[in-house]
Amino acid sequence: MSNATTANPGEHQVKETSVTPGQTEVSLRLWAREGLKTGIWEVTPGTFKSTRPGYDEICQILSGTGTITEPDGTSFDIGPGSLFVTPAGWEGNCTIHETLRKMWVVADLAATSD
């Protein structure tokens, strides 16, 4: 992919875990092998619940802004250049302030625990 920030990731669908009516998302997988996957993901403004059941995810924000809130109430802002990990078992809430796009890498625990 020559430009992950501007490439067309496809058609947005309703964000299933959103608490904001009309929030949408799209994910484009670019590569996968043996429990490791990578791609780009985009979500429109709103708030949604997020979990990581059985996989670790590394996220690099390409565009847009948001706030991630942990179960204990601590939060951090994300925007272009932010890099963070959400490990297996993580859960929290994400509030997207302006349409956000990230590059993601997911490692399934079942495939990596052998």
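FYI, the numbering just counts along the sequence from 1.
Residue pairs satisfying the ring-ring contact (aromatic ring centres under 6.0 Å, His included) criterion with at least one member in residues 49-76, sequence neighbours excluded, are listed as follows: Phe76-Phe84.
For Gly46 against Thr20, the heavy-atom pair with the smallest separation is CA-OG1, 3.4 Å. When all heavy atoms of Arg101 and Ala4 are compared, the closest pair comes out as NH1-O, 2.9 Å. In this structure, Glu98 and Gly64 approach most closely via the heavy-atom pair CG-CA, 3.6 Å. Residues Ser63 and Pro80 share a closest heavy-atom pair of CA-CG, 3.9 Å. For Pro45 against Thr99, the heavy-atom pair with the smallest separation is CD-OG1, 3.5 Å. In this structure, Phe48 and Gln23 approach most closely via the heavy-atom pair CD2-NE2, 3.7 Å.
No chain of hydrophobic side-chain contacts below 4.5 Å, direct or via other Ile, Leu, Val, Met, Phe, Trp or Tyr residues, connects Met103 to Leu100. Leu28 and Trp31 fall within the same hydrophobic cluster, where Ile, Leu, Val, Met, Phe, Trp and Tyr residues are linked whenever their side-chain heavy atoms come under 4.5 Å apart, directly or through other members. Residues Trp104 and Ile78 are members of one and the same hydrophobic cluster, defined by side-chain heavy-atom contacts under 4.5 angstrom among Ile, Leu, Val, Met, Phe, Trp and Tyr. Both Val105 and Leu30 are members of a single hydrophobic cluster when ILVMFWY side chains are connected at heavy-atom separations under 4.5 Å. Note on Leu36: it clusters hydrophobically with Ile40, by side-chain heavy-atom contacts below 4.5 Å among ILVMFWY residues.
For Thr74, the side chain to side chain donor-acceptor pair (under 3.5 Å) criterion is met by Asp72, not counting sequence neighbours. Under the side chain to side chain donor-acceptor pair (under 3.5 Å) criterion, Asn3 pairs with Thr6, not counting sequence neighbours. Remark: His97 pairs with Thr65, Thr67, Thr95 by the side-chain contact (heavy atoms from CB on, under 4.5 Å) rule, at least two apart or across chains. Contacts of Thr5 classified as side chain to side chain donor-acceptor pair (under 3.5 Å), with partners at least two apart in sequence or in another chain: none. Qualifying side chain to side chain donor-acceptor pair (under 3.5 Å) partners for Ser82, counting only residues two or more places apart in sequence or in other chains: none.
No more than 12 heavy atoms of other residues, nucleotides or ligands sit less than 6.0 Å from atom CD of Glu91.
Using a 4.5 Å cut-off on side-chain heavy atoms (C-beta onward), Trp90 and Val85 make no contact. Taking 4.5 Å as the limit, every side-chain heavy atom of Lys102 sits out of range of all side-chain heavy atoms of Val43. A heavy-atom distance below 4.5 Å is found between the side chains of Leu83 and Ile58. No side-chain heavy atom of Thr86 sits under 4.5 Å from any side-chain heavy atom of Ile68.
With values rounded to the nearest 0.5 angstrom, Met1 atom CE is found 10.0 Å from Thr38 atom OG1.
No side-chain donor-acceptor contact under 3.5 Å links Thr51 to the backbone of Pro53. Of the possible donor and acceptor atoms, none in the side chain of Gln13 sits under 3.5 Å from a partner among the backbone N and O of Thr24. Of the possible donor and acceptor atoms, one in the side chain of Ser18 sits under 3.5 Å from a partner among the backbone N and O of Thr47. The closest donor-acceptor contact from the side chain of Glu57 to the backbone of Val106 lies at 3.5 Å or more, if one exists at all. Proximity of a side-chain donor or acceptor of Thr69 to a complementary backbone N or O of Ser75 within less than 3.5 Å is not detected.
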